> 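Let me begin by handing over the structure; questions about it come next.
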Amino acid sequence: SDTVGATTIDTCLPCDENHFTNIPGQTVCLPCGSTSTSNASSTTCSCIGKNRVFQSHVGMCRCRAGFTDTDTAGNAEDGITDCFPIAIPPRCAEGEIRDSLGACRSVSDCDETCLYGGERQPSGLCACEAVQSPSSVCGGSSSDCIDDLPKYWLDK
């Protein structure tokens with residue numbers, strides 16, 4: 001209403017298209033913004049992108065909970081593109097944990113990463129066993145086995 005101190009809702013004027021007010025008796029209507037629209041007399045705005053929610057306190061259209069977008073790199077900012085469900089992978093089987101790439105791996109499967117074995121940590125990374133002596137790796141003093149082990153040199 002443009003009348004301060006009005007006592008009935010009948011004296012209120014409707015908001016224009018693409019404007020809203022969510023508090024009865026307000027003297028001003030707020031703009032929807034570039035990511036949403038509204039019909040005249042609206043109490044909220046409708047987001048252009050699917051699975052977005054208009055947040056009247058900031059005038060933005062953010063992705064619904066459990067959804068993400070591509071135009072704001074998933075950081076839940078204002079946008080017009082559709083939001084899509086966040087992919088939640090199925091649980092790993094008993095005795096498995098996710099590796100750093102998200103694949104399920106056995107907790108004892110660190111052979112590709114650790115030369116002397118190891119175990120996966122809750123982070124998905126392998127905790128490798130300490131370096132072992134050549135004779136313990138080769139089960140004794142087999143010179144062929146010891147000769148085939150990787151060797152490292154440090155240059156001065």
Side-chain angles (χ1 to χ4, degrees), residues 1-132 137 150-156:
S1 170
D2 57 0
T3 306
V4 175
T7 57
T8 66
I9 197 89
D10 298 338
T11 60
C12 291
L13 300 173
C15 291
D16 293 333
E17 185 176 353
N18 296 322
H19 288 75
F20 77 101
T21 183
N22 56 352
I23 303 172
Q26 287 286 87
T27 57
V28 296
C29 294
L30 302 172
C32 288
S34 63
T35 61
S36 58
T37 62
S38 74
N39 296 322
S41 307
S42 290
T43 58
T44 189
C45 298
S46 298
C47 297
I48 295 170
K50 292 179 183 175
N51 298 310
R52 288 188 176 271
V53 177
F54 182 72
Q55 296 181 330
S56 60
H57 63 287
V58 290
M60 298 174 108
C61 284
R62 293 186 170 146
C63 291
R64 287 182 11 201
F67 287 74
T68 189
D69 62 13
T70 55
D71 65 338
T72 64
N75 62 5
E77 291 299 320
D78 198 26
I80 60 171
T81 59
D82 294 346
C83 296
F84 50 91
I86 295 172
I88 300 173
R91 284 183 174 261
C92 293
E94 185 72 29
E96 290 184 331
I97 193 167
R98 293 202 182 278
D99 67 11
S100 58
L101 300 176
C104 291
R105 303 277 185 192
S106 169
V107 294
S108 60
D109 176 27
C110 288
D111 293 345
E112 293 175 13
T113 307
C114 300
L115 184 60
Y116 304 111
E119 189 170 289
R120 289 208 183 271
Q121 301 301 299
S123 66
L125 300 175
C126 286
C128 299
E129 296 294 331
V131 175
Q132 300 170 353
V137 171
K151 295 171 183 60
Y152 301 94
W153 291 271
L154 298 175
D155 291 332
K156 289 185 180 184

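Fair warning: this is a prediction, and the values are worked out from it, not measured in the lab.
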> Using a 3.5 Å distance criterion without hydrogens, assess whether the side chain of Gln26 forms a donor-acceptor pair with backbone atoms of Ile23.
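Side chain of Gln26 to backbone of Ile23: no pair is present.
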> How about Arg98 and Arg105: do any of their side-chain heavy atoms sit closer than 4.5 Å?
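Side chain of Arg98 against side chain of Arg105, heavy atoms only: no contact under 4.5 Å found.
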> Could you give the distance from OG (Ser56) to CZ (Phe20), rounded to the nearest 0.5 Å?
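Answer for the OG-CZ pair, Ser56 versus Phe20, is 5.0 Å.
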> Spell out, with a plain yes or no, whether Cys92 and Cys104 have SG atoms under 2.5 Å apart.
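The answer is yes, since Cys104 and Cys92 bring their SG atoms under 2.5 Å apart.
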> How many angstroms lie between CG in Asn39 and OG in Ser46, if you round to the nearest 0.5 Å?
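Asn39 CG to Ser46 OG: 7.5 Å, rounded to 0.5 Å.
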> Could Asp69 and Arg52 be called an ion pair, given the rule that one side-chain N must be under 4.0 Å from one carboxylate O?
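Salt bridge flag = yes for Arg52 with Asp69.
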> Minimum heavy-atom separation for Asp78 to Cys61, with atom names?
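For Asp78 and Cys61, the tightest heavy-atom pair comes out as OD1-N, 2.6 Å.
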> Rounded to the nearest 0.5 Å, how far does OG1 of Thr37 lie from CZ of Phe54?
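Interatomic distance, Phe54 CZ to Thr37 OG1, rounded to 0.5 Å: 10.0 Å.
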> Report yes if some heavy atom in the side chain of Met60 is under 4.5 Å from a heavy atom in the side chain of Glu77; otherwise report no.
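Yes, side chains in contact.
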> When rounded to the nearest 0.5 angstrom, what is the spacing between CD1 in Ile80 and SG in Cys47?
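So the CD1 of Ile80 and the SG of Cys47 are separated by 11.5 Å.
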> Do any N or O atoms from the side chain of Asn18 and from the backbone of Ser38 form a donor-acceptor pair under 3.5 angstrom?
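It does hold such a pair.
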> Working to the nearest 0.5 angstrom, can you tell me the gap between Cys83 SG and Arg62 CZ?
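Cys83 atom SG to Arg62 atom CZ measures 11.5 Å (nearest 0.5 Å).
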> Could you give the distance from OG (Ser36) to CD1 (Ile48), rounded to the nearest 0.5 Å?
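Between Ser36 OG and Ile48 CD1, I get 6.5 Å after rounding to 0.5 Å.
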> Any chance the side chains of Thr43 and Asn22 put a donor and an acceptor closer than 3.5 Å?
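No, because no side-chain N or O of Thr43 sits under 3.5 Å from a partner of the opposite role on Asn22.
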> Taking the side chain as every heavy atom from C-beta outward, state whether Phe84 and Asn51 have any atom pair closer than 4.5 Å.
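No; the side chains remain at least 4.5 Å from each other.
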